[in-house]
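Here the structure is a predicted model, which is why all the values come from computation and not from measurement.
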Amino acid sequence: MRTVHIVVGDEAANSLQTAFNTIENFNDELLIIKDIFNIGPLKSETLTFSQLRTKFWQEILKVDKIAIKDLEELMNLSSRLSNSEVDKVCYWMAGIPSDTCAYYWLLHFLKKHMGRLHVININGLPFIGPEGRLFYPESISQLPEKQVIKAMKLLRVVSPSEWETEAEQWKKLISDTEHEIRILSGVKQLTGKPINHYDTCLLSLVTKNNQKIHKIVFNAIEKYKIHTGHSFLIWRLEQMQASELIIINKDNVKLFTNKNEASEANPDLSDSEIEK
């Protein structure tokens, strides 16, 4: 039976692949969702979904040579399901916003394959860590090799009642064009927040003294349990610099205190631009 496993992100995929490599005669495929749908716009009147997501990440990462093609990959998988080239799909998810958003995305686009989508949900379940102690992993990437094999026993088909109650959630997400951050407010419950939702968290860690940007971002992620990735938070710091809340100089950041410091950090700005 041909099975395709779906997971969000390269780190989670690496954990699964490492474990899969230890299973004898294991020929299942692994499909990686590269995007994380809990941040950024999900709908545009002029751009396709892939174009919209590509544009968003090009701005965040400051690169032009990037193309988000998760939807095209999923449509290819849907065709393979229709042609009986694939028997079933298994989605691995944890209790984090990116996994929950992707779950609703899959339900929406694979609706015609009801009964063939399965899920392995580790949310709230204990596993044994490398030191032999029980722990509750926040993401699939945290599962040790042997625990991935254990988690495979959690495989279950998405029930008809789940399709009925949850298949429309993706439409609700994309209809909320005012919010570009999605956080968990309960089990599989998402709440929309403005794009600057985490700015206060970041700002609380910035002081009048220079600190490394990556240290601020790391501490924010750890302290406030932020699930956006580093690049997005660095971008938010840059937006706060544009609003004269902080000063970024190379890889350092500190609170904005006066225009002279801003001019030194950004020599290309004129005095009139700094005073705006």
K.L.:
Please name the pair of heavy atoms, one in L255 and one in V206, separated by the smallest distance, quoted to 0.1 Å.
P.N.:
N-CG1, 3.5 Å

K.L.:
Just by distance, do the side chain of D70 and the backbone of I33 share a donor-acceptor pair under 3.5 Å?
P.N.:
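Absent.
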
K.L.:
Is a side-chain donor-acceptor pair under 3.5 Å present for D35 with W57?
P.N.:
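Side-chain D/A pair, W57 to D35: present.
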
K.L.:
Taking the side chain as C-beta and beyond, is there a heavy-atom pair between S44 and F56 under 4.5 Å?
P.N.:
no

K.L.:
Should we say atom CD of E11 is surrounded by more than 12 heavy atoms from elsewhere, each under 6.0 Å from it?
P.N.:
no

K.L.:
Measure the spacing between NE2 of H108 and CD1 of I174 and express it to the nearest 0.5 Å.
P.N.:
6.0 Å

K.L.:
Just by distance, do the side chain of H113 and the backbone of S78 share a donor-acceptor pair under 3.5 Å?
P.N.:
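Between the backbone of S78 and the side chain of H113 there is a qualifying donor-acceptor contact (under 3.5 Å).
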
K.L.:
Tell me whether R2 contacts the main-chain N or O of N27 through its side chain, where contact means a donor paired with an acceptor under 3.5 Å.
P.N.:
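Answer holds: yes.
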
K.L.:
Taking the side chain as every heavy atom from C-beta outward, state whether C101 and L190 have any atom pair closer than 4.5 Å.
P.N.:
yes

K.L.:
Centroid separation under 6.0 Å, is that true for the rings of W170 and F37?
P.N.:
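Ring-ring flag for F37/W170: true, centres closer than 6.0 Å.
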
K.L.:
Please tell me whether E72 and N76 have a donor and an acceptor in their side chains that are separated by less than 3.5 angstrom.
P.N.:
no

K.L.:
Among K188, K111, K171, K172, exactly one meets salt bridge (charged side-chain N to carboxylate O under 4.0 Å, His left out) together with E166. Which residue is that?
P.N.:
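Exactly one pass, corresponding to K188.
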
K.L.:
Return yes if some donor-acceptor pair links the side-chain N/O of S141 with the main-chain N/O of A12 below 3.5 Å, else return no.
P.N.:
no

K.L.:
Are I66 and I36 co-members of a hydrophobic cluster defined by side-chain heavy atoms under 4.5 Å apart?
P.N.:
yes

K.L.:
CD/Q241 to CG/L237 distance, rounded to the nearest 0.5 angstrom?
P.N.:
9.5 Å

K.L.:
Would you kindly say whether S159 and E162 are connected by a side-chain donor-acceptor distance under 3.5 Å?
P.N.:
yes

K.L.:
Which heavy atom in L202 sits nearest to a heavy atom in A220, and how many Å separate them?
P.N.:
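Nearest pair, atom of L202 first, then A220: CD2-CB, 3.8 Å.
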
K.L.:
So I120 and K153, do their side chains get closer than 4.5 Å, heavy atoms only?
P.N.:
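Side chain of K153 against side chain of I120, heavy atoms only: no contact under 4.5 Å found.
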
K.L.:
Compute the ring centroids of F20 and H5, then answer whether they are less than 6.0 Å apart.
P.N.:
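Under 6.0 Å, so yes.
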
K.L.:
Count I, L, V, M, F, W, Y as connected when their side-chain heavy atoms are under 4.5 Å apart, and connections chain through other members. Are I246 and L233 then in the same cluster?
P.N.:
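Linked within one cluster.
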
K.L.:
Do any N or O atoms from the side chain of R182 and from the backbone of G40 form a donor-acceptor pair under 3.5 angstrom?
P.N.:
yes

K.L.:
Within the 3.5 Å criterion, strictly below it, is a donor on T48 or S50 matched to an acceptor on the partner's side chain?
P.N.:
no

K.L.:
Taking CZ in F135 as the centre, count heavy atoms belonging to other residues, nucleotides or ligands within less than 6.0 Å. Is the count above 12?
P.N.:
yes

K.L.:
When rounded to the nearest 0.5 angstrom, what is the spacing between CG in L52 and CG in L42?
P.N.:
7.5 Å

K.L.:
Report the distance from atom CG of L110 to atom CE of M75, rounding to the nearest 0.5 Å.
P.N.:
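The CE atom of M75 is 6.5 Å from CG of L110, to the nearest 0.5 Å.
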
K.L.:
Run the side chain to side chain donor-acceptor pair (under 3.5 Å) test on S161 and E164 for me, step by step, so that the C-alpha distance in whole Å, both residues' side-chain angles and the decisive distance to 0.1 Å come before the verdict.
P.N.:
CA-CA 5 Å; S161 62; E164 183 178 350; over 6 Å; no

K.L.:
Side chains of E29 and T3: do they bring a donor and an acceptor to under 3.5 Å?
P.N.:
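Absent: no donor and acceptor within the cut-off.
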
K.L.:
A quick test of your reading: do over 12 heavy atoms of other residues, nucleotides or ligands sit less than 6.0 Å from OH of Y136?
P.N.:
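Result for OH/Y136: open.
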
K.L.:
Restricting to non-hydrogen atoms, name the atom on I140 and the atom on I122 that form the minimum distance, rounded to 0.1 Å.
P.N.:
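Reported closest heavy-atom pair: CD1-CD1, 3.7 Å.
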
K.L.:
Does atom NZ (K62) have a neighbourhood of more than 12 heavy atoms from anything else shown, all under 6.0 Å?
P.N.:
yes

K.L.:
At what distance, to the nearest 0.5 angstrom, does CD of E168 lie from OG1 of T165?
P.N.:
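Nearest 0.5 Å value for the CD-OG1 distance: 10.5 Å.
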
K.L.:
Counting distance only, does the side-chain N/O of Q142 pair as donor-acceptor with the main-chain N or O of P137 below 3.5 Å?
P.N.:
no

K.L.:
Quick check: are there more than 12 heavy atoms from other residues, nucleotides or ligands sitting under 6.0 Å from NE2 of H214?
P.N.:
no

K.L.:
Could you check whether any side-chain N or O of R116 sits under 3.5 Å from a backbone N or O of D87, counting only pairs where one atom can act as donor and the other as acceptor?
P.N.:
yes

K.L.:
Quick one: pull up CD1 in I39 and NE2 in H227 and give me the separation to the nearest 0.5 Å.
P.N.:
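The distance works out to 12.5 Å.
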
K.L.:
Measure the acute angle between the ring planes of W235 and F232, then classify it against the limits of 30° and 60° as parallel, tilted or perpendicular.
P.N.:
tilted

K.L.:
Does any part of the side chain of F127, heavy atoms only, come nearer than 4.5 Å to the side chain of K150, both counted from C-beta?
P.N.:
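A side-chain contact under 4.5 Å exists here.
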
